[in-house]
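Excluded from the calculations below are hydrogen atoms, water molecules and symmetry mates; all remaining heavy atoms, backbone and side chain alike, are included.
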Amino acid sequence: MKNRILSLVVALVLVLCAIPCAFAEESTVKDNAPFIGRWSLNVADYPGFAEEGLTQGTITMELKEDGTGCTWYEGMMTSEYGYMFYMDYYVAVTADGEAESSRYTLSDDGLTLTLTDLEGEWELAYQKEVA
């Protein structure tokens, strides 16, 4: 049920964002395919996490094909959300409708997903886990 709600919320945001682009030559909503999978980062590489009491460990973000995702810290799920990539933005929406946006870049080899807050105060570089 939770995944259904998340998918519906993301679909709604997608529709609201896509309507202005309906007459554009090319859609600005990105295909999820390059982003599907598990992405990890080591919190020790990011001093900003120390302010939250996190000085070591791994954060893993799992992005699924159906537009839902979840975040894990040291094997414990910390959040579930719907997501989409729109223009240069990554948007995550929780089941209660709270949305978070950041800018993103994907490396040429598709193995590094970098998220940056809109104010440019932080940057996180997730590495894709490959089998």
Side-chain angles (χ1 to χ4, degrees):
M1 180 68 171
K2 215 183 252 190
N3 283 345
R4 265 181 142 176
I5 293 171
L6 290 174
S7 294
L8 289 173
V9 169
V10 168
L12 177 61
V13 171
L14 182 61
V15 167
L16 292 175
C17 292
I19 287 173
C21 301
F23 298 103
E25 290 179 22
E26 183 179 320
S27 174
T28 53
V29 176
K30 304 295 181 186
D31 177 18
N32 286 345
F35 307 102
I36 305 299
R38 295 174 63 92
W39 301 83
S40 298
L41 65 86
N42 182 341
V43 298
D45 295 337
Y46 299 92
F49 283 112
E51 297 169 8
E52 298 176 33
L54 306 176
T55 56
Q56 59 184 348
T58 302
I59 294 176
T60 303
M61 176 173 58
E62 182 178 3
L63 301 178
K64 301 174 187 170
E65 190 173 343
D66 66 358
T68 62
C70 53
T71 301
W72 306 78
Y73 174 69
E74 288 300 290
M76 291 180 47
M77 186 183 298
T78 57
S79 62
E80 291 182 280
Y81 44 86
Y83 75 91
M84 71 175 184
F85 290 87
Y86 174 76
M87 296 174 62
D88 295 333
Y89 299 94
Y90 165 74
V91 180
V93 182
T94 62
D96 63 1
E98 185 177 324
E100 291 187 20
S101 299
S102 57
R103 291 190 172 274
Y104 82 90
T105 57
L106 185 62
S107 63
D108 290 339
D109 64 5
L111 298 178
T112 303
L113 174 61
T114 304
L115 302 178
T116 308
D117 72 317
L118 301 179
E119 294 79 30
E121 295 177 8
W122 56 259
E123 179 177 285
L124 302 174
Y126 287 85
Q127 303 304 309
K128 190 168 196 174
E129 295 180 7
V130 289

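The closest side-chain heavy-atom distance from L124 to F49 is below 4.5 Å. At least one side-chain heavy atom of L118 sits under 4.5 Å from a side-chain heavy atom of S101. Contact annotation: the side chain of Y126 never approaches that of L63 to less than 4.5 Å [non-hydrogen atoms, C-beta and beyond]. Counting heavy atoms from C-beta on, the side chains of W122 and L115 come closer than 4.5 Å.
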Run the numbers on F35 and Y104 for ring-ring contact (aromatic ring centres under 6.0 Å, His included), then give the verdict.
CA-CA 11 Å; F35 307 102; Y104 82 90; 5.5 Å; yes

Any chance you could lay out the side chain to side chain contact (heavy atoms under 4.5 Å, CB included) test for Y46 and L54, step after step, and finish with the verdict?
CA-CA 10 Å; Y46 299 92; L54 306 176; over 6 Å; no

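Connection of V43 to M77 is not established within any shared hydrophobic cluster, with ILVMFWY side chains joined at heavy-atom distances below 4.5 Å, either directly or through further cluster members. If you chain together hydrophobic residues whose side chains sit under 4.5 Å apart, L41 and W72 never meet in one group.
Distance check: M61 CE to Y90 OH gives 5.0 Å after rounding to the nearest 0.5 Å. To the nearest 0.5 Å, atom CG of residue L113 and atom CZ of residue F85 are 5.0 Å apart. Here the OG1-CH2 distance, from T112 to W39, works out to 7.0 Å after rounding to the nearest 0.5 Å. Distance check, rounded to the nearest 0.5 Å: CD of E123 to OG1 of T116 gives 4.0 Å. Of the inter-residue distances, the one linking T94 atom OG1 with E100 atom CD reads 8.0 Å to the nearest 0.5 angstrom.
When every heavy atom of P34 is checked against every heavy atom of K128, the shortest pair comes out as O-NZ, 3.4 Å.
Between the side chains of Y89 and R103, at least one donor N or O lies within less than 3.5 Å of an accepting N or O. With 3.5 Å as the limit, one finds a donor-acceptor pair spanning the side chains of Y81 and T71.
When the salt bridge (Lys or Arg N to Asp or Glu O under 4.0 Å) test is applied to R38, the partners found at least two apart in sequence or on another chain are E62, E129. With sequence neighbours excluded, the residues satisfying side chain to side chain donor-acceptor pair (under 3.5 Å) with D109 are S107.
Applying the side chain to side chain donor-acceptor pair (under 3.5 Å) test to residues at least two apart or on different chains, the pairs with a partner in residues 50-61 are S40-T60.
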